[in-house]
Amino acid sequence: MTLAVLCGTLFDSTGADPIRDAVVLVQEGRITAVGPAATTVVPPGAETVDLRDRFVMPGLIDAHSHISIVPGLGDQIGQLRQAAVPQALRATANLRRDLFAGTTTMRVMSEESFLDLDVREAIEGGVIPGPRLLCGARGITASNGHGRAHSAFDGVDEIRRGVRENFQRGADHVKIFMTGGVASAGTTLKACVYTRDEVRAAVEEAERVGKYAAAHAHGGPGLRLSVEEGVSTIEHGALATDEDIALMKERNAWLVCTFSIFLHPNGIEQGDGRNPAIMEKMRWARRVVDENFPRHLATGVRFALGTDAVHGQMPFEMATLVRLGVSPKDALLAATRWSAEACRVQDQIGSLAAGKRADLIAIDGDPLKDIAAMRRVRLVMKDGVIQGRDDHERR
Ligand SMILES: [Zn+2]
């Protein structure tokens with residue numbers, strides 16, 4: 001059966017200009033053709049999805065999130081320490097919110113208990129709705145590192161074993177915590193816990209099996225070691241200097257921006273606003289981001305976007321890029337094709353073209369004129385299935 005998606009305006013994220021009155025043809029979850037309505041032949045008997053009053057674009061790719069965390073509840077590390085069932089229940093609600101706000105793919109950047117792998121299976125099996133998950137399994141962090149809940153890996157051998165076990169269980173990438181973070185009171189953003197040999201081991205283990213490593217790194221030596229040793233994506237980078245950004249450009253490392261967790265009222269502030277140590281770090285990070293990111297984002301360094309578990313807030317991420325001086329077109333690309341490239345899945349998703357998976361969203365309004373329109377997602381299609389409509393029939 002063929003689906004013919006009729007689009008008022010189509011932004012395909014290939015780099016082409018938007019097309020007025022376009023058609024996307026879908027068969028068995030994949031796009032078979034994209035083009036102007038006037039010249040694209042719709043096969044007889046095709047089912048029509050009428051989005052002629054909508055702006056249609058690829059589904060959003062949240063390049064950095066956690067399925068089980070709700071920052072607004074506070075004590076994120078404590079949430080990760082809970083038993084798997086309460087975490088899975090939160091994840092179920094979180095992923096529904098993400099999906100219906102337009103996120104069709106999410107890169108998961110550490111969970112305990114291999115929770116993300118089980119939840120991925122539940123989504124793929126049609127048990128719960130949710131974005132397609134790219135899983136990091138357990139985060140690689142040191143005993144005294146940020147992000148440590150239960151698992152910890154110290155020394156080259158433990159890191160090799162941890163990474164190999166993650167891959168054996170089905171992980172897609174490695175997440176290593178190189179510096180402190182905002183949401184843990186005892187770490188500082190520039191303190192680096194791992195050595196050069198340790199981060200190199202994580203990168204080597206990933207690359208040997210055709211995968212890559214992502215590093216949580218705000219700045220300082222942890223960020224530089226990561227880039228020098230071949231980490232592919234730098235997460236957060238809140239305190240990156242001009243020299244750090246220049247090195248990232250030279251080594252083709254991605255900057256994965258995570259604005260919501262620092263800036264959105266539902267982020268850390270809602271949950272940990274009464275903890276002075278956390279709030280002081282956050283106010284500092286906010287100032288630095290507002291001062292430095294307009295400059296960093298204009299350097300040509302490649303960037304992508306992630307909500308860092310502020311669920312449903314990819315539109316806020318995109319609006320923040322625009323506030324920091326990025327064009328609306330580039331904000332749309334950052335949330336789709338560029339995030340796909342950062343996550344190394346651009347041959348499957350991130351743009352609307354023949355052969356790609358049929359992940360698309362329909363917006364009420366024109367986000368190229370007013371980025372706030374991204375809040376008005378009216379339809380979400382993943383793998384050619386309209387989400388929410390036929391969740392039951394699918395099974
Ligand atoms: Zn994170």
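What you see is a predicted model, and the numbers here were worked out from it, not measured in a lab. As the structure lists them, so they are numbered: ligands from 1, and atoms in each ligand from 1.
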* Could you go through the ring-ring contact (aromatic ring centres under 6.0 Å, His included) check for Phe177 and Tyr194 one step at a time? => CA-CA 8 Å; Phe177 288 85; Tyr194 275 138; 9.2 Å; no
* Apart from Val345 itself, which Ile, Leu, Val, Met, Phe, Trp or Tyr residues share its cluster (side-chain heavy atoms under 4.5 Å, direct or through members)? -> Ile61, Leu134, Ile349
* Return the set of residues passing side-chain contact (heavy atoms from CB on, under 4.5 Å) with Arg164 (not counting sequence neighbours), or none when no residue passes. => Arg160, Glu205, Arg208
* Apply side-chain contact (heavy atoms from CB on, under 4.5 Å) to Val209 and list each qualifying residue two or more places apart in sequence or on a separate chain. => Phe167, Lys211
* With a 4.0 Å cut-off, would you call Lys249 and Asp244 a salt bridge? -> no
* What protein N/O/S atoms lie closer than 2.8 Å to the Zn ion (ligand 1)? -> His64 NE2, His66 NE2, Asp308 OD1
* Decide whether Gln87 and Ser68 meet the rule of one side-chain donor and one side-chain acceptor closer than 3.5 Å. => yes
